[in-house]
Amino acid sequence: MKFQILNADYTYSDDLPVVRLYGRDESGNSICCYVPGFEPYIYAKAKPELSAILLEKFKEHIRRIEQVKRFEPVGYFKNKTSMLKIILYDPKSVPIIRDDVRKMVDEIYETDILFRNRYMIDKGLGGMGWAKAEPEGDTISNEVISDLKITSRNVEPVEILKNAPLRHLAFDIECLPLNGAMPVPETSPIVLISLAFAPDFDGKKTLVLVGKGAKADNETESCGSEEAMLKRFFEIIKKYDPDILVGYNSNSFDIPYIVDRIKTLNRKGARIEPIAGRDGRDLYYKKIGNVTRISVMGRIAVDVLPLLRREFSLKQYTLRNAAKELLGSEKLEIPFLEMETYWKDNGEKLSKFIEYSRRDSELALLFLLKLRLIDKYIALARVSGTLLQDILDGGQTQMVENLMLREYMKNDRVLPARPTGEMSDERYDEGEELAGAEVLPPKKGLLENIVILDYKSLYPTIMMAHNLCYTTEVVGERPADVIVAPTGGVFVSSKVVKGIVPSILEDLLNRRQETRAKMKTANEEEKRVLDATQLALKILLNSFYGYSGYTRARLYSLTLASAVTSFGRENILRTKDLIEKDIREIILKDGKAFKKDENISGKRIGLSVVYGDTDSVFVHLADKEINFDEAQLVGNTIANTVTDSLVKPMELVFDSFARRAIFLAKKRYALLIQEKTAKGLKEKIKVKGMETVRRDWCELTTKTIEKVLELVLKEGKVDDAVLLVKNTINSIKTIDASSPLFEDLILTRQYTKKIESYKNRQPHITVIEKLQKRGIISHVGDRIPFVIVAGNAIFVDRAEDPEYAQKKNLPIDVDYYINKQILPPVERILSDFGVTREMLRGMGERKVQTETKQKQLFEF
DNA sequence: GAGGATACCTAG
DNA sequence: TTAGCTAGGTATCCTC
């Protein structure tokens, strides 16, 4: 029997732990596989003699102790160390005896690996991977909800590319605000629950449950009461048996609200059993600091909102705005204060309320399926072996550690426990800081003909090229064959021993290449899976460096992280030198490129590096007439020459060709990229770091700068740009809250931390405070929109909620928008052409004016 | 009024 | 307290 592993936990049988794997098979059955017989264990560094003492002292917990040889976690060692593998009866014993054991031995290892993860890692199984199990008879289990329940001692991984036919259930609740206040579960009822299904449920795509008597139809169900509606909701979950439970902001709002509301109702005599997981336990949530964790065992709880936040840079993430920006769909709106009226109505308004609610769950499902939001996470789970829920909730740490633990195990190495809070603080305090990448100062102003080259996966390839790893770091005696990083870190060369991290990276890199090759011949469906897979491989490749410099990582190594960045800095500086001093110029003749010493007469193109950041170099070609093919040829020639001088697999490649570029500062520039497409040459503007790509400027700024860049880069019309800015300024001089341009004046900023932790007054924080007084609560993480209104108060106090400003028709601070939002960014671009602030305000004229002189601007 | 500190967001 | 990393620009607040 084969199934895809969705989730895992463990239970007990005869006081011994039994792992449970939850999954779905190819034909669509949900499966729970019980795996008895796997034993929990930890490692301790101690003399063999200690085992008898430990056994005696913890005889209730320890089943037996094996004397083993393992490598310690960090450092190059010739020999393994004597350790004890302590095998326990119960996974729960680990935290009980851990601290006492630690005091008796030199060190303990792998003491905080969750039992279900320990099992999967040891057996080569992983999240969203396929497993093959030989059933040893059916399992009698009342509590687990699943089509098939089996027991098997022998579960093995199998390679299957496609995913099982997963069932998705999206949901959304509507709560009634009482007297216009934000709903709280203690007093405000849930009145509607909307559901959306993929695949259909009983022939329905959606279903709205109504918490009172109402007109029903095929996709609307009248439940009579709130209690009955909630019961029906959990009944549907059981019947539909979804693998993926989706909502918008569901982890932070809907699920906690449902849980708390049911508690309130049950306290008052209702009898609602909120069983949502396949393990038969009640729905619950845990608050860890600011974040709420939801676990619906056997299924995956997906909150679309944090996924969108990670994936797309939007000014606002309200369902309404996200749907508009990403799905091009308008959300039905019902004013918050009118909800009560809509609910109490029994005719048209109630129907409207129901449709409004239906749309919300539909949108959540659409986000997930149309934007293919979890494909990447499924691929990450499969590639790293981590459970999907852990990847959705957590970060890169778990994935890296999962891969590391698997490889460490194969190499007889043990992994340290996660550091405590104090330990990671100490790591900060040790003084030395991790220095990052090198950014080359840009040649500011307008330039033409720039070839952009970059290193493919720079940091991973540096680690591979120089064998940088925890396991190659020289900690003791220094062998003969070593590699010394520019910062001084010493590592043994791959001739001595190949590092585990470089091996993992090599494997990931090879698999990525293979995956990309397979994509060429795959069908649509396979292609999607393969594309997500290659993306996941790329993410993982790039995770190892960041992980090594993360102070809370099990395997934190400043030496390793510094070695990587120092090689990176050295490399980009060396690349610049190589291009400017060694290669210096490229000779083009008959469609071929030659180096300067090849003594060929042709078109000689001088090279200079005008910018570079971390892994890229921007090479200016000193020739006015360069076409795309020539640029690409020059680019490839430089890239190949540089690559030849590097240790494999480091590789510099041609990325793109910019016909024109404006550099304002480090990390701030705009390029006019020329590209070859099926329809011939295309040009597009690519902006980095400037206001058009930043979310803390208003739309007015974005639009103006976009047009200015367009005029200057595409057409070289500086005077037209000046005129445009003058017109823009004029057009907003008379603006008020009722004009259509008002929307363009809205700025947004993220509310990043608790209000008390702010040391300076901030505009968006004053808005949050104003809104709170009006009964609207903001949450940390929200992006807060605001406009600046006119008045005598200081700047921060004149920030106001846009809706409120509009409703009260507050006057706009036009000067602020002209002097702070328009002029500075425009000036930064145009000052290089002799444009001054006075000219933009409409006073004075630019000196260079004629068509011919303007053209000269591009000719230096 | 200068200059440092703080906050935000982006590049890579 | 759960979260890969550093470099860098810009605006505004705050302190002296």
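Proteins come first, then strands; the chains are lettered A, B, ... in the order of their sequence lines, and each starts at number 1.
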**For atom CD of Q398(A) and atom P of dT2(C), their distance in whole Å** = 12 Å
**Request:** Could you list where the contact with chain A starts and ends along DNA chain B, reading 5' to 3', using a 4.0 Å heavy-atom cut-off?
**Result:** dT6(B) to dG12(B)
**Fill in**
residues 782-793 of chain A vs side chain to side chain donor-acceptor pair (under 3.5 Å), sequence neighbours excluded, gives T748(A)-R783(A)
**Request:** Give one of base, sugar-phosphate or nothing for P824(A), where a contact means two heavy atoms less than 4.0 Å apart.
**Result:** sugar-phosphate
**Request:** Answer with base, sugar-phosphate or nothing: what part of the nucleic acid does R418(A) contact at a heavy-atom distance below 4.0 Å?
**Result:** nothing
**Request:** Applying side-chain hydrogen bond (donor to acceptor under 3.5 Å, both in side chains), name anything that partners E743(A), two or more places apart in sequence or on another chain.
**Result:** none
**Complete:** With sequence neighbours left out, the residues meeting ring pair (Phe, Tyr, Trp, His ring centres under 6.0 Å) with Y545(A) are Y459(A)
**Message:** Do the side chains of D613(A) and K667(A) get close enough for a salt bridge, i.e. N-O under 4.0 angstrom?
**Reply:** yes
**Message:** If I take atom NE2 in residue H764(A) and atom C1' in nucleotide dT12(C), what distance separates them, rounded to the nearest angstrom?
**Reply:** 12 Å
**Prompt:** Is the gap between the ring centers of F567(A) and H466(A) under 6.0 Å?
**Reply:** yes
**Request:** Assign the ring pair F786(A) / H764(A) to parallel, tilted or perpendicular, where the plane angle (0 to 90°) is split at 30° and 60°.
**Result:** parallel
Please tabulate, one pair per line, each protein N/O and nucleotide N/O from nucleotides 7-9 of chain C that are separated by under 3.5 Å, including the distance.
from, atom 1, to, atom 2, distance (Å)
dA7(C), OP1, G436(A), N, 3.1
dG8(C), OP1, K666(A), NZ, 3.1
dG9(C), O4', R668(A), NE, 3.3
dG9(C), N2, R694(A), NH2, 3.3

**Matching residue for D112(A) among R98(A), R118(A), R554(A) - test: salt bridge (Lys or Arg N to Asp or Glu O under 4.0 Å)** = R554(A)
**Request:** Quick one: closest heavy-atom pair of T702(A) and K315(A), and the distance?
**Result:** OG1-NZ, 3.7 Å
**Test of ring centre spacing under 6.0 Å for Y669(A) and Y611(A)** = yes
**N/O (side chain, S543(A)) to phosphate O (OP1/OP2, dG4(C)) under 4.0 Å** = no
**Message:** What verdict does the salt bridge (Lys or Arg N to Asp or Glu O under 4.0 Å) test give for K703(A) and D744(A), after you've listed the backbone C-alpha separation in whole Å, the side-chain angles of each residue and the deciding distance to 0.1 Å?
**Reply:** CA-CA 9 Å; K703(A) 286 179 179 167; D744(A) 287 353; 3.0 Å; yes
**Request:** Describe, as an angle rounded to 10 degrees, how the axis at the first end of the helix from dG1(B)-dC16(C) to dG12(B)-dC5(C) is tilted relative to the axis at the last end, five pairs per end.
**Result:** 20°
